[in-house]
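For ligands, and for the atoms within them, numbers begin at 1 and follow the listed sequence. Here, residue 1 is the first one in the sequence, and each next residue gets the next number.
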Amino acid sequence: MENKDRGSWGSKFGFIMAAAGSAIGLGNLWKFPYLAGENGGGAFVVVYLGIVILLGFTMMLGELTVGRATKLNQYNAYKKINPKFGFIGGIGILTGFLILSFYSVVGGWVMKYIFQYILGGVKDADKMGYFVNFITSPVEPLFWHALFMGVTLFIVLGGISGGIEKASKIMMPLLFLFLIIIAVRSLTLPGAMEGVKYFLIPNWSEFNLDVLVKAMGQVFFSLSLGMGTLVTYGSYLEGREDLPSNAFTIPALDTLAALLAGLAILPAVFAFGMEPGAGPGLMFGTLPRIFSVMPLGGIFGLMFFILVFFAAATSSISLLEVPVSWGIDALGWSRKKAVVIFSVLCFIIGIAASLSNGPWTQKFYFFNPDGQNFFDVLDYLTSNILLPLGGLFLSLFITFVWGYDNAFAEIRKGSKNNFALSGFWKLSMMIGVPLMMALVFLQQTGLLSKILGQ
Ligand code: PHE
C-alpha cells in the first residue's frame with residue numbers, strides 16, 4: 001500500500017510549524033475574538049482555557065498516536081487497527097471536506113482585503129456595509145475563493161516536506177511577528193486597558209451552558225481536532241518523536257495565538273469606542289474602521305490581513321491533506337491527481353456556500369429557528385456537531401477497541417519521561433471526553449434545558 005507520494009516530515013521544527021499552522025487559523029484570528037466579544041469576554045476565555053488544558057492535550061495526543069502507529073491516512077488508520085471501524089475515519093474525511101468548502105470562501109475574503117489594502121484600504125465610509133455588499137455579491141467572492149483554493153492546491157502539490165512543511169516554516173514565524181507588532185500597537189492605544197479588562201476579567205453573570213458549548217466547539221475547531229488532521233500529520237512522523245511533548249506544544253502555540261489575537265483586536269475596538277459583539281463582521285467591518293482612523297492604519301491593515309492569510313493558508317492545506325492522503329494511500333492515486341480532484345470538489349461545494357450569503361440565501365430552519373443559510377449550516381454542523389462527534393468516536397475507539405495498552409506502547413516510543421502523564425491521559429480520554437460530549441449533545445438538542453427545567 002506504501003506509495004512514493006506519501007512522504008514524511010523533514011525535521012521536528014518543520015512538523016511543529018505545520019501542525020501549529022493547521023491549528024492556528026481563522027479560528028484563532030476571526031472566530032475567537034468575536035466569540036469572546038459576544039459571550040462575556042473573560043468568562044468565555046477562562047472556560048476555553050480550561051477545556052484546552054483538560055481535553056485539548058488529550059485528544060491531540062490521541063490523534064497523533066493513532067496516526068503514527070499506523071502510518072496511514074485517517075480512514076485506513078482506523079481500519080488497520082480494526083477493520084470494522086474505518087467509518088470513523090470516513091466521517092472525519094467528509095468533515096474536513098465540508099470545512100474546507102466554507103473555510104476557503106473566507107480565505108478568499110482575506111485575499112480580497114489584502115488586495116484592497118495594497119490599494120490603500122477600504123475607502124467607503126460605511127465599512128460594515130462595504131463588507132456585506134462584497135460577500136453578498138454573486139461573482140467577486142467566487143473569484144477570490146478560486147484564488148485561495150488555487151494557493152492551497154499549489155502548496156499541497158509540493159508534498160509533505162517540500163510543500164506543507166516549507167510553506168509553514170516561512171509563514172508561521174512571520175505570522176507571530178506580525179501579530180506581536182499589532183498587539184503592541186493595539187495595547188498602547190489610549191483607552192486600550194478597557195479592552196484588556198473585558199477580554200481577561202471574567203464576568204460570570206454572562207456565563208451559561210450555551211457559552212460552555214460554544215467554547216467546546218471552538219476548542220475542536222481551533223485545535224483542528226475531531227476530523228483526523230492530526231492523525232494524518234502524525235502518520236508522517238518517525239517513531240523517535242516525543243508525542244506527549246508535541247501534543248503539549250501545539251495547543252500551547254495555538255492558545256498563545258488566540259490570546260494574542262484577542263489582545264490585538266479587542267483593546268483597539270474599545271480604544272475607538274466600537275462594539276465588541278459585531279460577530280463575524282468584527283474582523284472585516286469593525287477593524288477596517290479602526291485602521292482607517294489610526295495613524296499608519298493602512299500599513300497595519302495590510303500587515304494584519306497578510307498575517308490572517310498566512311494563518312488561513314497553513315490551515316487550509318491541512319484540511320486538503322486529509323482527503324489527499326486517503327486518495328494516495330487507499331485509491332493508489334498520485335498526489336497530483338488527488339490534490340486536483342479534491343480541490344475542485346471543495347471549490348464547487350464552496351460556490352454554494354459563497355452564494356448562500358447573497359443570491360442563494362435560502363434559510364434552513366431545521367438547524368435554528370432563526371434560519372441559517374448554507375454557509376452558516378456548514379460552519380455550525382462541522383464545529384458543533386461533526387468535530388465533537390469525531391472526538392467522542394476517538395475516545396470510544398481507544399477505550400473499547402484499540403485499548404490503552406496498545407496506545408501507551410506507541411506513545412512510549414520516543415517519550416523522554418516514559419509518558420509520565422499516562423494516568424491523566426487515560427482518565428481524561430476515558431471519562432472527560434465522553435462526559436463533555438454528552439453535555440454538548442444534550443445542550444445542542446435542547447434536552448439539557450428540559451432536564452434542568454430551565
Ligand atoms: N484549526 C483551524 C483554525 O483555527 C481550522 C481547522 C479545523 C483546520 C479543522 C483543520 C481542521 O482556523
Side-chain angles (χ1 to χ4, degrees), residues 16-36 48 51-52 56 59-60 63-64 67 73-74 89 91-110 148-149 152 155-156 164 167-168 171-172 175-176 179 214-234 250-262 280 283 307-326 342 346 350 378-391 394:
I16 298 257
M17 286 300 106
S22 168
I24 300 170
L26 293 168
N28 306 57
L29 294 155
W30 173 56
K31 275 185 154 184
F32 184 78
Y34 88 67
L35 284 172
Y48 178 87
I51 302 174
V52 170
M59 287 184 293
M60 176 129 332
E63 288 204 12
L64 288 174
N73 71 87
Q74 153 88 346
I91 296 175
I93 296 177
L94 197 75
T95 307
F97 212 75
L98 295 178
I99 296 180
L100 185 54
S101 307
F102 76 89
Y103 203 85
S104 54
V105 172
V106 183
W109 301 349
V110 175
F148 185 82
M149 248 351 275
T152 306
I155 299 174
V156 179
I164 294 181
S168 307
M171 290 181 184
M172 293 311 290
L175 180 160
F176 271 102
L179 192 53
K214 283 194 185 141
M216 182 75 222
Q218 175 63 10
V219 169
F220 272 97
F221 188 83
S222 188
L223 291 177
S224 306
L225 291 170
M227 53 153 279
T229 325
L230 278 307
V231 173
T232 308
Y233 273 20
I250 302 160
L253 287 172
D254 186 73
T255 305
L256 179 68
L259 293 177
L260 279 172
M283 183 159 112
L307 90 85
V308 178
F309 168 74
F310 287 163
T314 48
S315 297
S316 66
I317 55 184
S318 75
L319 285 161
L320 182 58
E321 181 61 24
V322 172
V324 163
S325 137
W326 172 67
F342 291 126
C346 275
L378 283 178
D379 184 7
Y380 184 87
L381 181 71
T382 52
S383 306
N384 295 349
I385 298 176
L386 291 172
L387 294 181
L389 193 67
L394 175 74

With the criterion set at N/O pairs under 3.5 Å, what does the list of contacts between the protein and ligand 1 look like, atom names and distances included?
| unit_1 | atom_1 | unit_2 | atom_2 | d |
| --- | --- | --- | --- | --- |
| ligand 1 | 1 (N) | Ser22 | O | 3.1 |
| ligand 1 | 1 (N) | Ala23 | O | 2.9 |
| ligand 1 | 1 (N) | Phe221 | O | 2.7 |
| ligand 1 | 1 (N) | Ser222 | O | 3.1 |
| ligand 1 | 1 (N) | Ser224 | OG | 3.0 |
| ligand 1 | 4 (O) | Ala23 | O | 3.0 |
| ligand 1 | 4 (O) | Gly27 | N | 3.3 |
| ligand 1 | 4 (O) | Asn28 | OD1 | 3.4 |
| ligand 1 | 12 (O) | Leu26 | N | 3.0 |
| ligand 1 | 12 (O) | Gly27 | N | 2.8 |
| ligand 1 | 12 (O) | Tyr103 | OH | 2.5 |

Problem set entry | Contacts of Glu63 that satisfy salt bridge (Lys or Arg N to Asp or Glu O under 4.0 Å) - sequence neighbours left out | none

Problem set entry | For Tyr103, ring-ring contact (aromatic ring centres under 6.0 Å, His included) partners two or more places apart | none

Exercise. Do the side chain of Ser22 and the main chain of Ala18 share a donor and acceptor less than 3.5 angstrom apart?
Worked result: no

Exercise. Is the backbone N or O of Ser316 less than 3.5 Å from a side-chain atom of Thr152, with the two atoms forming a donor-acceptor pair by type?
Worked result: no

Problem set entry | Residues in side-chain contact (heavy atoms from CB on, under 4.5 Å) contact with Leu256, at least two apart in sequence or another chain | Phe176, Leu260

Exercise. Angle class for the Phe102/Phe221 ring planes (parallel below 30°, perpendicular above 60°, tilted otherwise)?
Worked result: parallel

